[in-house]
Amino acid sequence: MIILISGNSKMGKTYMAQNLLDTYKIPYFSIDHLKMGIYRGIANCGFTPMDSTIYIGDKLWPIIKGIIMTAIENNQSLIIEGCYILPHYLQEFEKFYSDNIISVFLGFSNSYIMENYEEKILKYRNIVENRGELTPEDTSDFTIEEYLKENDRFRRSCAAAGEKFFEIDRSYEEEITGVYEYISLRKDQL
């Protein structure tokens, strides 16, 4: 079983992966680690951390897809989280693989963003990962307007790919519980 967690920045993907690790004892892999490992370890790797999510996602997806396929073929469970898992990528899997994948695409409603951007979204953005001082990458989407646009693009890309989009609208804590319940139910079905 593979659990994929994706969504825009500041959604709580890493926090969710950590909670799932604690609950199911399934290891998780952060695509940010893969991105930075390749960037720091391979000269002229073809991207920088400042490139767009789509550009980096396109570069990393063949590797991530290979990891997913290998884990499924070896009957190993794994949680993979990161904003670089784009909804349309999942259409590339044959049924054998897609039947063993639980995908979670997270987002906020516009009203949630408008009401909670500074108090909750920005405040809790590094609840698991210690990223130290803010880098240009961290601040590039700090305006609420850009975050709204990014979230809307992601919502539309999920719809276009036919992937379920979990939208937090009122209460993050209550609504994210529904996402955990969905994962649990899907896990039991596999």
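- How far CG of Asp169 is from OG of Ser111: 4.5 Å, rounded to the nearest 0.5 Å.
- Considering every non-hydrogen atom in both Tyr55 and Phe47, the closest pair reads CE2-CB, 3.8 Å.
- Atom SG in Cys158 sits 9.0 Å away from atom CG in Leu106 (nearest 0.5 Å).
- With a 4.5 Å cut-off on side-chain heavy atoms, Val104 and Phe166 count as touching.
- In this structure, Met36 and Pro49 approach most closely via the heavy-atom pair SD-CG, 3.7 Å.
- Under the 3.5 Å distance criterion, with hydrogens and angles disregarded, no donor-acceptor pair is assigned to the side chains of Glu167 and Ser109.
- Sorted by first and then second residue, the pairs that involve residues 94-107 and meet salt bridge (charged side-chain N to carboxylate O under 4.0 Å, His left out), not counting sequence neighbours, are Lys95-Asp99.
- Taking a cutoff of 4.0 Å between a charged side-chain nitrogen and a carboxylate oxygen, Arg155 and Asp152 qualify as a salt bridge.
- Tyr172 is listed as a side-chain neighbour of Tyr112, based on a closest heavy-atom distance under 4.5 Å.
- When only modelled atom types and interatomic distance are considered, Asp58 and Tyr89 share a side-chain donor-acceptor pair under 3.5 Å.
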Which is it for Arg170 and Glu115 under the side-chain contact (heavy atoms from CB on, under 4.5 Å) test, yes or no, and what are the steps along the way? CA-CA 9 Å; Arg170 297 272 175 230; Glu115 294 171 18; 4.3 Å; yes
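- Counting non-hydrogen atoms of neighbouring residues, nucleotides and ligands closer than 6.0 angstrom, the CD atom of Gln91 exceeds 12 such neighbours.
- By the 4.5 Å heavy-atom criterion applied to side chains, Leu4 and Ile64 are not counted as neighbours.
- The number of heavy atoms from other shown groups lying within 6.0 Å of CD1 (Ile54) does not exceed 12.
- In terms of heavy atoms, Ile2 sits closest to Ala71 at CD1-CB, 3.6 Å.
- Taking every heavy atom of both residues into account, Thr48 and Ile56 meet most closely at O-CD1, 3.4 Å.
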I would like to know whether Tyr117 and Leu148 meet side-chain contact (heavy atoms from CB on, under 4.5 Å); could you show each step before the answer? CA-CA 10 Å; Tyr117 188 67; Leu148 285 162; over 6 Å; no
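- Remark: Ile79 CD1 to Met16 CE distance equals 10.0 Å, nearest 0.5 Å.
- Within 6.0 Å of CG in Asn75 there are 12 or fewer heavy atoms belonging to other residues, nucleotides or ligands.
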Phe154 and Ser6: side-chain contact (heavy atoms from CB on, under 4.5 Å), yes or no, with the steps? CA-CA 10 Å; Phe154 192 71; Ser6 187; 3.8 Å; yes
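- With values rounded to the nearest 0.5 angstrom, Ile85 atom CD1 is found 7.5 Å from Leu90 atom CG.
- Counting only distance, with no hydrogens or angles, the side chain of Asn8 and the backbone of Glu150 share a donor-acceptor pair below 3.5 Å.
- The two atoms that bring Tyr182 and Ile102 nearest to each other are CE2-CG2, 4.1 Å, heavy atoms only.
- Connection of Ile42 to Ile31 is established within a shared hydrophobic cluster, with ILVMFWY side chains joined at heavy-atom distances below 4.5 Å, either directly or through further cluster members.
- Between atom CG of residue Asn19 and atom CD1 of residue Ile176 there is a gap of 9.5 Å, rounded to the nearest 0.5 Å.
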Criterion side-chain contact (heavy atoms from CB on, under 4.5 Å) on Lys59 and Asp51, from CA distance to verdict: CA-CA 11 Å; Lys59 294 288 186 183; Asp51 288 329; over 6 Å; no
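- Considering all non-hydrogen atoms of both residues, Phe165 and Phe108 come closest at CZ-N, 4.5 Å.
- Atoms CG and CG, on Leu60 and Leu86 in that order, are 10.0 Å from each other to the nearest 0.5 Å.
- For the pair Tyr147 (side chain) and Ser9 (backbone), a donor-acceptor distance under 3.5 Å is present.
- Glu175 contributes a side-chain N or O that, together with a main-chain N or O of Ser171, makes up a donor-acceptor pair within less than 3.5 Å.
- Side chains of Lys187 and Tyr24: no donor on one and acceptor on the other come within 3.5 Å.
- Proximity of a side-chain donor or acceptor of Glu81 to a complementary backbone N or O of Tyr28 within less than 3.5 Å is not detected.
- Linking ILVMFWY side-chain heavy atoms closer than 4.5 Å, directly or via other members, places Leu185 and Ile26 in two distinct hydrophobic clusters.
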